[in-house]
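Note sheet for the following structure.
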Amino acid sequence: MTKLKVGLIGAGGIATSVHIPAYEAVADKVEIAAIADVAYDRAKAVAEQSGIPAVFDNHETMLAETDLDAISVCVPNKFHKSAVIAALEAGCHVLCEKPPAMNQTEAKEMEEAAKAAGKLLMYGFHFRFQSETQAAKRFIDAGEFGEIYSGRVQAIRRRGIPGWGVFTNKELQGGGPLIDIGVHMLDTALYLMGYPEPAVVLGKTHQQIGTKKGVGLLGEWNYQNFTIEDMAVGMITFKNGASLVLESAFAANVEQRETMQVSLMGNKGGADIFPLKMYQEKHDTLVDITPAYLPKVPAHQAEIHAFVAECMSGDISDHYAKQGTSIQKIIDALYESADTGKAVYL
Ligand SMILES: NC(=O)c1ccc[n+]([C@@H]2O[C@H](COP(=O)([O-])OP(=O)(O)OC[C@H]3O[C@@H](n4cnc5c(N)ncnc54)[C@H](O)[C@@H]3O)[C@@H](O)[C@H]2O)c1
């Protein structure tokens, strides 16, 4: 393979702000060969701006008529599954934006399609690629935290209900802040904990702010058609004995404009990840460890470059696809528990 020939499904926000620039940054390895969007004019404008030679108004024709090696799926959540499976069946590796899908059943089908095709299916969990996460991972792998038995994840915005896109539409998104931003911090925690198997899940969702007109720090949201939760809280226990608590909100009456945090507690050490600060007891002294220097890594770009490298290596792994199903199982259980008022035993 000389250059990896990449196509994009979806020409909206994440495709233009993240995927295209990241591929352009490795133009010696990647050629962006085609783009498809049901909004053809949008795809055409993006193609003209970025010099993409082939434009389509649907991905089926793009996949049939263009010889592609890899696909970025950058469409709303509801359309992830069909785009991912079509791309895999056309023989392409796939980088699908997060969350993996609308639910676990879809994520499992996608995992199986990747296995059948023998292709890489990776998801857009870029917080794994932050230098803080990678540094914490090195400490964890070296045993500095001991057994990680508890964690806390927070993805909380004060008034950050998106005023664009379909983020407040449950039918197209599968849920609200939990599946949209909570999923990033949940993935980071699970990644650092070694993706343990969930055992029991208790969840509760709230809809207190989003259905009323209010101050929008991410634009004016559509409060009259607000079908998602504005806050989700949960607790997850794992089969290895660990536990995790979660809070995720698009809007909440809190001080900080935005908190994206993962905290982990092990029996030899613990940490807050963003920014990284680690806590241990050493030589009868409680100590804090703060990195004096961590490289500033553009995490989205690092994720896409890792995807390119793995596609080109020919040595592809199935762990992203499996973890995608696993995280979706937890999200399903949190929503199910919120709906029924009962804990879900997995
Ligand atoms: N990794 C991150 O931090 C991050 C950030 C933002 C969005 N996302 C994810 O990216 C995805 C897209 O979000 P966005 O912000 O770019 O949305 P967007 O609304 O800006 O763009 C989505 C595009 O998909 C097109 N589209 C819809 N259905 C299609 C289909 N069947 N085939 C082809 N095109 C189709 C729409 O016309 C639109 O142009 C979502 O899954 C979202 O969760 C991830």
Side-chain angles (χ1 to χ4, degrees), residues 7-22 34-47 49 52 54-64 66 71-87 90 94-103 106-107 110 122-130 133 155 157 160-188 218-219 221-222 228 248 250 258 260 274 298-304 306-307 320 324 327-328 331:
L8 290 114
I9 303 178
I14 199 75
T16 52
S17 66
V18 170
H19 288 247
I20 291 174
I35 187 162
D37 195 303
V38 287
Y40 180 79
D41 290 347
R42 186 174 306 155
K44 193 160 181 293
V46 171
Q49 203 182 352
I52 302 172
V55 190
F56 299 88
D57 65 4
N58 70 87
H59 64 262
E60 290 88 352
T61 314
M62 178 178 85
L63 292 167
T66 324
I71 296 287
S72 271
V73 171
C74 301
V75 293
N77 303 348
K78 183 171 180 157
F79 310 110
H80 284 189
K81 185 189 95 169
S82 54
V84 165
I85 292 181
V94 178
L95 172 56
C96 175
E97 264 309 330
K98 47 54 59 175
M102 297 285 277
N103 53 52
E106 291 189 357
M110 291 151 69
M122 182 170 164
Y123 295 113
F125 287 126
H126 64 275
F127 282 90
R128 289 183 186 204
F129 293 88
Q130 297 246 139
T133 314
R157 294 179 185 156
I161 302 171
W164 71 95
V166 299
F167 295 96
T168 56
N169 181 331
K170 188 167 182 180
E171 210 251 315
L172 295 176
Q173 279 288 103
L178 170 60
I179 202 167
D180 188 51
I181 53 174
V183 73
H184 271 308
M185 293 298 98
L186 182 58
D187 174 73
T188 307
L218 289 181
W221 73 90
N222 183 352
I228 54 161
S248 184
F250 275 161
E258 181 171 282
M260 294 290 271
F274 302 117
H300 273 297
Q301 189 163 313
E303 163 213 303
I304 291 168
F307 172 69
Y320 294 109
I327 197 167
Q328 207 83 52
I331 290 170

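Values below: every heavy atom of this structure, side chains too, minus hydrogens, waters and symmetry copies. Each ligand, and each atom within it, is numbered from 1 in the order the structure gives.
- Residues Met185 and Met260 have side chains in contact (heavy-atom distance under 4.5 Å, counting atoms from C-beta outward).
- Of the candidates Pro99, Pro76, Cys96, the one placing a heavy atom closest to atom 27 (C) of ligand 1 is Pro76.
- The line from CD1 of Ile9 to CZ of Phe56 is 11.5 Å long, rounded to the nearest 0.5 Å.
- Proximity of Ile179 to Gln328: side-chain heavy atoms (C-beta onward) are separated by under 4.5 Å at one or more points.
- In terms of polar-atom proximity, Gly165 is not counted as a contact of ligand 1, lacking any N or O under 3.5 Å from an N or O of the ligand.
- Those atoms of ligand 1 that come under 4.0 Å of a heavy atom in Asn77, given as number and element, are 40 (C), 41 (O), 43 (O).
- Contacts classified as salt bridge (Lys or Arg N to Asp or Glu O under 4.0 Å) and involving residues 36-47 (residues at least two apart or in different chains) are given here: Lys44-Glu48.
- An N or O contact shorter than 3.5 Å links Arg42 to ligand 1 by distance.
- Note: Phe250 CZ to Thr168 OG1 = 8.5 Å, rounded to the nearest 0.5 Å.
- Within the listing of ligand 1, atoms 16 (O), 18 (P), 20 (O), 21 (O) sit less than 4.0 angstrom from a heavy atom of Gly13.
- Considering backbone and side-chain N/O atoms, Gln173 never comes within less than 3.5 Å of an N/O atom of ligand 1.
- Aromatic ring centroids of Phe274 and Phe127 lie under 6.0 Å apart.
- Taking distance alone, with nitrogen or oxygen atoms compared against 3.5 Å, Val75 approaches ligand 1 more closely than that limit.
- Using a 4.0 Å cut-off to heavy atoms of Gly12, the atoms of ligand 1 that qualify are 16 (O), 20 (O), 21 (O), 23 (C), 39 (O).
- Every atom of ligand 1 is numbered from 1 in the order shown, and the set under 4.0 Å from a heavy atom of Lys98 is 1 (N), 2 (C), 4 (C), 9 (C), 41 (O), 42 (C), 43 (O), 44 (C).
- Each of the following atoms of ligand 1 lies closer than 4.0 Å to a heavy atom of His300: 1 (N), 2 (C), 3 (O).
- Here's the thing with Trp164: none of its N/O atoms is less than 3.5 angstrom from an N/O atom of ligand 1.
- Taking 4.0 Å as the cut-off, Phe167 counts as a neighbour of ligand 1 on heavy-atom distance.
- Atoms of ligand 1 found under 4.0 Å from any heavy atom of Cys74 (numbered from 1 in listed order, with element): 12 (C), 22 (C), 23 (C), 24 (O).
- Remark: ligand 1 atoms within the under-4.0 Å shell around heavy atoms of Gly124 are 1 (N).
- Under a 4.0 Å criterion applied to the non-hydrogen atoms of His126, ligand 1 contributes the atoms 1 (N), 2 (C), 3 (O).
- Summarising the geometry of Cys96 relative to Met110, their closest heavy-atom pair is SG-CE, 4.4 Å, with the distance given to 0.1 Å.
- Taking the charged nitrogens against the carboxylate oxygens, Glu303 and Arg128 have no contact shorter than 4.0 Å, which rules out a salt bridge.
- For Ile9, no nitrogen or oxygen atom sits less than 3.5 Å from a nitrogen or oxygen atom of ligand 1, counting backbone and side chain alike.
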